[in-house]
Amino acid sequence: LGFDDRTLLTWAEGPLDLAPLASGLTSAQFSDQQASDGILLPRRATYFAGDRRLADETIDAACVNPPALTPASFAAPIDLPDCPSDRQQ
């Protein structure tokens with residue numbers, strides 16, 4: 001894990017199996033940290049397998065810890081609670 005001078009996560013690296021795309025050492029670079037419900041979150045991520053760029057991701061809205069989120073919510077994507085619109089930033 002890599003952090004900047006504000007202790008914000010800027011990169012992560014480790015083994016990951018994304019077969020058939022890639023497996024082995026994979027890394028992510030994070031940027032454009034913005035506040036969402038009082039927590040600074042990266043809005044952009046770029047994923048790599050070695051030097052090969054796998055994907056770019058941009059988050060348009062984030063809902064941090066919605067009240068209805070429980071471990072059972074992760075059993076299926078349809079079970080994830082909606083993010084209240086007033087909490088999206």
Side-chain angles (χ1 to χ4, degrees):
L1 300 176
F3 300 89
D4 68 8
D5 58 353
R6 298 178 298 164
T7 67
L8 297 175
L9 181 65
T10 58
W11 62 268
E13 183 177 83
L16 188 62
D17 186 356
L18 297 172
L21 291 174
S23 65
L25 191 60
T26 306
S27 63
Q29 295 178 352
F30 306 105
S31 62
D32 192 22
Q33 286 81 358
Q34 295 179 24
S36 181
D37 203 19
I39 298 173
L40 284 173
L41 297 175
R43 296 293 177 148
R44 295 175 198 223
T46 304
Y47 301 93
F48 297 89
D51 291 334
R52 186 172 137 223
R53 183 183 225 141
L54 296 175
D56 293 304
E57 178 180 48
T58 301
I59 297 171
D60 295 323
C63 185
V64 181
N65 297 323
L69 186 66
T70 67
S73 301
F74 294 92
I78 198 165
D79 294 332
L80 290 169
D82 289 332
C83 184
S85 61
D86 63 325
R87 291 187 65 181
Q88 292 181 355
Q89 297 180 10

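L40 belongs to a hydrophobic cluster with L8, counting contacts under 4.5 Å between side-chain heavy atoms of Ile, Leu, Val, Met, Phe, Trp and Tyr, direct or through other members. With side-chain heavy atoms closer than 4.5 Å counting as contact, directly or through intermediates, the hydrophobic cluster containing F74 also holds L69, L80. Grouping Ile, Leu, Val, Met, Phe, Trp and Tyr by side-chain contacts under 4.5 Å, direct or through others, leaves W11 on its own.
Counting only residues at least two apart or in different chains, salt bridge (charged side-chain N to carboxylate O under 4.0 Å, His left out) contacts with residues 19-33 comprise D32-R44. Identified under the salt bridge (charged side-chain N to carboxylate O under 4.0 Å, His left out) test for residues 62-73, with sequence neighbours left out: none.
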Ignoring hydrogens and angles, write down the donor-acceptor pairs under 3.5 Å from the side chains of residues 12-25, residues two or more places apart or on other chains.
residue	atom	partner	partner atom	Å
D17	OD1	A19	N	3.0

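Looking at residues two or more places apart in sequence or on another chain, you find no side-chain hydrogen bond (donor to acceptor under 3.5 Å, both in side chains) involving D4. Partners of T70 according to the side-chain hydrogen bond (donor to acceptor under 3.5 Å, both in side chains) rule, which considers only residues two or more places apart in sequence or in another chain, are S73. The side chain to side chain contact (heavy atoms under 4.5 Å, CB included) search around A75 returns D79, not counting sequence neighbours. Partners of T46 under the side-chain hydrogen bond (donor to acceptor under 3.5 Å, both in side chains) rule, at least two apart in sequence or in another chain, are D56.
L41 is listed as a side-chain neighbour of V64, based on a closest heavy-atom distance under 4.5 Å.
Across E57 and Y47, no two heavy atoms sit closer than the pair OE1-OH, 2.7 Å. Closest heavy-atom contact between S36 and C63: OG-N, 4.5 Å.
Q33 places no side-chain N or O within 3.5 Å of a backbone atom of T10 that could act as its donor or acceptor partner.
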